[in-house]
Engineer: 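Provided herewith is a single structure, encoded as structure tokens, for subsequent inquiry.
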Number of protein chains: 2
Amino acid sequence: MPRPPARPPGTPDTREQILDVALELFVERGYDNTSLREIAERMGFSKAALYYHFPSKDDILMALHLRVHALGREGFDQLDADTVAPDQWAGVFDAMLGAILDHRALFLLHAREHAALEKLHEQAHDEEHADLQERMQRILANRQLPTEQRIRLACAMGAVMSGIFISGEAFADIETDVLRRVMAAAIQDLVGVGNVASPP
Amino acid sequence: MPRPPARPPGTPDTREQILDVALELFVERGYDNTSLREIAERMGFSKAALYYHFPSKDDILMALHLRVHALGREGFDQLDADTVAPDQWAGVFDAMLGAILDHRALFLLHAREHAALEKLHEQAHDEEHADLQERMQRILANRQLPTEQRIRLACAMGAVMSGIFISGEAFADIETDVLRRVMAAAIQDLVGVGNVASPP
DNA sequence: GTCTATATTTCGATAGAC
DNA sequence: GTCTATCGAAATATAGAC
């Protein structure tokens with residue numbers, strides 16, 4: 001297995017730092033309202049220096065989008081189709097919940113900057129869209145599934161995402177483990193075996 | 001009861017038409033990526049004419065925001081506090097669900113243009129924030145409530161919103177009444193009496 | 001109420017030195 | 001890798017005629 005690119009220890013990865021700063025600003029102030037000048041300012045160097053690391057502002061957004069793709073390849077390839085039995089859904093959502101809780105800002109970015117991200121996909125109409133959200137939408141649109149199941153899956157998905165974009169900072173006092181456990185139980189009530197009427 | 005402002009019948013309310021067009025474009029392309037020129041073009045007149053009806057672009061967004069406030073005054077004043085007994089939650093969410101299904105685009109706008117809307121609130125730090133979302137956040141943050149209940153309320157809220165911002169057009173083939181009924185049942189499973197453990 | 005200019009600003013991006 | 005300086009595009013907003 002190849003080692004990660006060798007860099008003198010203690011030397012911060014400027015590129016990744018830029019992405020961290022950009023993510024924070026994009027979520028807080030919006031993609032279009034965040035100027036490269038602001039990002040550079042927070043990094044401690046000038047705007048032009050950014051162009052050494054990224055060829056354009058859109059490429060910064062794309063790099064953040066790729067972080068989600070990486071998450072997807074790690075854990076959500078199982079989500080691909082009807083191969084998931086109903087009694088596995090709760091487990092799938094539990095995995096999702098973990099990813100979302102661990103990368104709140106990243107998912108928040110995707111929920112909010114829908115327009116900007118879609119523009120990117122138009123321009124570089126690249127590989128298949130392995131996005132978590134897009135995969136879910138394809139499943140929800142599948143008319144082979146019983147209608148009730150489709151709707152309940154959507155509800156469960158919404159319940160999972162509620163942790164990040166509805167609650168805001170309202171759950172700052174709740175430990176992540178408690179949050180995860182209670183939400184998992186709630187999702188079990190939504191899509192657990194026995195709670196969804198089977199088709200006749 | 002005062003009649004709505006008298007206008008010759010058949011005369012379209014230009015102001016409201018502008019808001020309808022703006023809402024559609026803002027949701028589709030994003031607030032910042034929608035120019036006044038585009039709105040004017042779709043209305044059939046020039047950009048400058050918009051400034052006769054609205055003093056600025058921000059005021060168009062604010063007018064759309066006020067539409068949600070109006071909805072809030074109609075139906076969500078009940079949401080104000082601990083006055084809502086646990087066995088009433090399902091009913092409250094049912095009302096929410098109705099409002100959201102009837103005004104999808106409006107709620108979608110609020111979910112996506114979070115940054116732009118917050119900027120408005122900063123500038124005109126007006127009355128209390130009677131927003132649906134803000135009220136929910138205040139309830140979710142209330143540490144008097146049992147933790148499990150707070151989290152389940154958030155899940156239910158997420159489930160309700162899933163209808164608009166996750167499903168996208170995936171549910172185009174499902175009748176609104178069916179959607180509403182199944183989602184109401186799902187919410188019942190989340191926050192219905194007997195499904196939430198009572199505090200000791 | 002709507003038009004044709006035009007003023008003003010902001011921002012992404014480039015050029016070239018160090 | 002980072003800097004200063006500048007270009008060019010786009011968009012908001014204004015002025016004043018009709």
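Sequence lines set the chain letters: A, B, ... in the order given, protein chains first and strands last, and positions in each chain run from 1. Only heavy atoms go into these numbers, but all of them, side chains included; no hydrogens, no water, no symmetry mates.
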Engineer: Between A/R37 and A/E41, is there a side-chain N and carboxylate O pair less than 4.0 Å apart?
Structural biologist: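 A/E41 and A/R37: salt-bridged.
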
Engineer: Mind calculating the distance between CG (B/L61) and P (D/dT12) to the nearest angstrom?
Structural biologist: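 Those two atoms, CG and P, are 13 Å apart.
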
Engineer: State plainly whether the residues B/R152 and A/D189 are in salt-bridge range, i.e. N to O under 4.0 Å.
Structural biologist: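 Salt bridge: yes.
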
Engineer: Between C/dA13, C/dC11, C/dT2, which one does the side chain of A/S56 approach most closely?
Structural biologist: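 Nearest to the side chain of A/S56 among the choices is C/dA13.
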
Engineer: Under 4.0 Å between a Lys/Arg side-chain N and an Asp/Glu carboxylate O for A/E113 and B/R112?
Structural biologist: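 So A/E113 does not pair with B/R112 through a salt bridge.
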
Engineer: Are the aromatic ring centres of A/H69 and A/H65 under 6.0 angstrom apart?
Structural biologist: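 Yes.
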
Engineer: Could you check whether B/K57 makes a cation-pi contact with B/Y51, meaning its NZ or CZ is under 6.0 Å from the centre of the six-membered ring and within 45° of the ring axis?
Structural biologist: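 Verdict for B/Y51: no cation-pi partner in B/K57.
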
Engineer: Atom CG of A/N33 and atom C1' of D/dT12: how far apart are they, to the nearest Å?
Structural biologist: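 Distance check: A/N33 CG to D/dT12 C1' gives 13 Å.
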
Engineer: Figure out the CD/C1' separation between B/E38 and D/dT12, and round it to whole Å.
Structural biologist: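 Taking atom C1' of D/dT12 as the reference, CD of B/E38 is at 14 Å.
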
Engineer: What distance separates A/L108 CG from A/F26 CZ, expressed to the nearest 0.5 Å?
Structural biologist: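 These two atoms lie 14.0 Å from each other.
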
Engineer: Round to the nearest Å and state the distance from A/R37 atom CZ to D/dT4 atom P.
Structural biologist: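 Going from A/R37 (CZ) to D/dT4 (P), I get 13 Å.
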
Engineer: If you find the nucleotide of DNA chain C closest to B/A48 and the one closest to A/Y31, which residue's nucleotide is nearer the 5' end?
Structural biologist: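 It is B/A48, whose closest nucleotide lies nearer the 5' terminus.
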
Engineer: Specify the residue among A/Y52 and B/D58 whose closest nucleotide of DNA chain D lies further upstream toward the 5′ end.
Structural biologist: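 Going by which nucleotide is closer to the 5' end, it is A/Y52.
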
Engineer: Could you state the CZ-P distance from A/R15 to D/dT2, rounded to the nearest angstrom?
Structural biologist: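 It is 14 Å, rounded to the nearest whole Å.
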
Engineer: In degrees, rounded to 10°, what is the bend between the two ends of the helix from C/dG1-D/dC18 to C/dC18-D/dG1, using five pairs at each?
Structural biologist: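 Its terminal axes enclose an angle near 10°.
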
Engineer: Taking 4.0 Å as the cut-off, does a side-chain nitrogen or oxygen of B/S46 come that near to OP1 or OP2 on C/dC3?
Structural biologist: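 True: B/S46 side-chain N/O within range (under 4.0 Å) of C/dC3 OP1/OP2.
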
Engineer: Whole-Å distance between D/dG1 C1' and A/K47 NZ?
Structural biologist: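 Result: 17 Å.
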
Engineer: Any luck finding a side-chain donor-acceptor pair between B/N33 and A/Y31 under 3.5 Å?
Structural biologist: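 There is no such pair (donor and acceptor under 3.5 Å, judged by atom type) between the side chains of B/N33 and A/Y31.
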
Engineer: When the distance from CZ of A/F45 to P of D/dT4 is rounded to whole Å, what number comes out?
Structural biologist: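 Rounded to whole Å, this separation is 13 Å.
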
Engineer: Name the nucleic acid region contacted by A/Y51, choosing base, sugar-phosphate or nothing; use a 4.0 angstrom heavy-atom cut-off, strictly under.
Structural biologist: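 Since a base atom lies under 4.0 Å of A/Y51, the category is base.
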
Engineer: Starting from C1' on D/dA10, measure out to NZ on A/K57 and report it in whole angstrom.
Structural biologist: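 Taking NZ of A/K57 and C1' of D/dA10, I get 14 Å after rounding.
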
